[in-house]
Asks: 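Got a structure here, written out as structure tokens. Questions coming.
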Amino acid sequence: MTTPLTPRPAATVMLIRDVPDDPGGLAVFLMRRHSAMHFAAGVMVFPGGGVDDRDRSADIAWAGPGPTWWAQRFGVEPGLAEALVCAAARETFEESGVLFAGPADDPHAIVGDTSVYRESRLALAQGTLSFGEFLRQEELVLRADLLRPWANWVTPEAERTRRYDTYFFVGALPQGQHADGDNTESDHAGWSTPEQAIEDFAAGRSFLLPPTWTQLDSLAGHTVADVLAVERQIVAVQPNLEVKGDNFEIEFFDSDRYHAARKAGGHRWRL
């Protein structure tokens, strides 16, 4: 029996904002991974990525709930919780230009225009600058209070390429900031209501992996205020991959609905 790959901790952030002409709904920021990517090419995703050495023992200035609070919500040890929050903020800034941070001399304030940090954003993406170094040199603090814990999904054990232990966060787009999707990993980015993103998948216009589809489904019909007020009970979800004929299907708690939409859109399961 082949030993499953060890999943790498990862963080992803659902950026949400109000919809001006729909007071009862919200929009979420999605990116389509570039077709040349080795993993999940052409798939719609939220900003995020794996925890790396830059996120561990980052020694960053911090405002809001501390690592112990996050550790309790996610069911991990404080060191990993700190790294996950750091990775969530770093990856969101790298991939969308949205920065959950405020000036060190006024931690209750939030950065407005992030374009002034463009060079640092590029250096972060290239790995020549750590998030902690960036915050220190710009005299900023991480605003952990702008994020909320939302979910935890683990790649199925049958996956032989790479596995992730992904922790989902949700955060409202800070006032004055803009999400641009200007990164090397995606070829399209923009805002969509959860309902429209789910409809696009079922119509074959886009592809969603089960964790993304499930989180979009959980946001549908809610406002930003609703979402930020929720205290989620985080339970790890680890689906199973099953062979059905010449195709793979992923099984999880809501897989019947997911597969109905997938088949309606003419999608085959992508490894």
Side-chain angles (χ1 to χ4, degrees), residues 7-17 26-34 37-52 54-56 70 73-76 80-100 124-125 131 142-144 146-156 159 162-174 179-186 188-192 194 197-198 201 206-219 227-228 230 232 234-239 250 252 258:
R8 176 187 177 187
T12 189
V13 177
M14 297 185 292
L15 284 174
I16 57 176
R17 71 178 188 187
L26 57 78
V28 61
F29 187 74
L30 288 164
M31 307 182 303
R32 185 177 62 200
R33 286 177 61 84
H34 199 283
M37 297 297 292
H38 293 296
F39 181 77
V43 172
M44 303 300 293
V45 297
F46 308 115
V51 171
D52 62 28
R54 294 176 294 168
D55 304 314
R56 298 182 185 274
W70 288 96
R73 269 65 182 180
F74 279 136
V76 300
L80 176 56
E82 181 178 14
L84 288 167
V85 176
C86 185
R90 174 182 58 78
E91 288 280 354
T92 302
F93 182 48
E94 288 180 16
E95 296 190 349
S96 74
V98 172
L99 181 60
F100 295 108
L124 284 166
F131 195 58
L142 171 62
R143 287 290 304 273
L146 300 179
L147 294 167
R148 302 287 189 277
W150 196 258
N152 175 208
W153 280 64
V154 184
T155 307
E159 172 60 52
R162 65 192 71 188
R163 297 183 65 218
Y164 292 100
D165 185 0
T166 303
Y167 294 83
F168 287 79
F169 296 75
V170 65
L173 178 72
D180 58 25
D182 183 11
N183 61 76
T184 60
E185 296 186 359
S186 62
H188 175 77
W191 294 90
S192 170
I198 291 170
F201 171 61
S206 67
F207 189 80
L208 298 170
L209 291 170
T212 308
W213 179 88
T214 302
Q215 306 324 312
L216 289 168
D217 190 55
S218 72
L219 295 177
V227 171
L228 297 183
V230 170
R232 297 267 287 187
I234 310 300
V235 178
V237 178
Q238 181 173 296
I250 190 166
F252 61 100
Y258 171 80

Asks: Could you pull out the closest heavy-atom pair between Ala189 and Met31, with the gap in Å?
Replies: CB-CG, 3.9 Å
Asks: In Å, rounded to the nearest 0.5 Å, how long is the span from CZ of Phe131 to CG of Leu124?
Replies: 7.0 Å
Asks: What pair of heavy atoms forms the shortest contact from Phe252 to Thr214, and how long is it?
Replies: CE1-OG1, 3.6 Å
Asks: Can you check whether Leu80 reaches Arg56 side chain to side chain, under 4.5 Å on heavy atoms?
Replies: yes
Asks: What residues form a ring pair (Phe, Tyr, Trp, His ring centres under 6.0 Å) with Phe100, not counting sequence neighbours?
Replies: none
Asks: Taking all heavy atoms of Leu219 and all of Pro194, pick out the closest pair and write down the distance.
Replies: CB-CG, 3.8 Å
Asks: Using the side-chain contact (heavy atoms from CB on, under 4.5 Å) criterion, which residues pair with Arg232? Sequence neighbours excluded.
Replies: Trp150, Ala151, Gln215, Ser218, Val230, Ile234
Asks: If I take atom CG from residue Leu209 and atom CD1 from residue Ile250, how far apart are they, to the nearest 0.5 angstrom?
Replies: 8.0 Å
Asks: Can you list the residues that meet the salt bridge (charged side-chain N to carboxylate O under 4.0 Å, His left out) rule with Arg143, with sequence neighbours excluded?
Replies: Asp145
Asks: For the residue pair Phe93 and Pro47, establish whether any side-chain heavy-atom pair is separated by less than 4.5 Å.
Replies: no
Asks: Could you tell me whether a side-chain N or O of Arg32 sits under 3.5 Å from a main-chain N or O of Ser206, the two making a donor and an acceptor?
Replies: no
Asks: Using modelled atom types and a 3.5 Å cut-off, is there a donor and acceptor pairing between side-chain atoms of Arg8 and backbone atoms of Val51?
Replies: yes
Asks: Could you pull out the closest heavy-atom pair between Ile198 and Trp213, with the gap in Å?
Replies: CG2-NE1, 3.9 Å
Asks: For Thr166, give me all partners under side-chain contact (heavy atoms from CB on, under 4.5 Å), at least two apart in sequence or on another chain.
Replies: Ala10, Thr12, Tyr164, Phe168
Asks: Closest approach of Leu173 and Ala179, non-hydrogen atoms and distance?
Replies: CD1-N, 4.4 Å
Asks: I need the Leu84 CG to Arg73 CZ distance, nearest 0.5 Å.
Replies: 15.0 Å
Asks: Excluding sequence neighbours, so at least two apart, what forms side chain to side chain donor-acceptor pair (under 3.5 Å) with Glu94?
Replies: Arg90
Asks: Sequence neighbours excluded, which residues qualify as side-chain contact (heavy atoms from CB on, under 4.5 Å) partners of Pro7?
Replies: Val154, Arg163, Asp165
Asks: For the pair Tyr167 and Val76, evaluate side chain to side chain contact (heavy atoms under 4.5 Å, CB included) and give the outcome as yes or no after the intermediate values.
Replies: CA-CA 11 Å; Tyr167 294 83; Val76 300; 3.3 Å; yes
Asks: If the condition is side-chain contact (heavy atoms from CB on, under 4.5 Å), which residues does Ala27 pass it with, not counting sequence neighbours?
Replies: Arg17, Val19, Trp191
Asks: For the pair Phe201 and Tyr258, name the ring-plane relationship: parallel under 30°, tilted 30 to 60°, perpendicular over 60°.
Replies: parallel
Asks: Does Arg148 have any side chain to side chain donor-acceptor pair (under 3.5 Å) partners at least two apart in sequence or in another chain, and if so, which?
Replies: none
Asks: Of all heavy-atom pairs between Ala144 and Trp70, which one has the smallest distance, and what is that distance?
Replies: O-CZ2, 3.4 Å
Asks: Compare all side-chain heavy atoms of Phe169 with those of Phe46 and state whether any distance is below 4.5 angstrom.
Replies: no
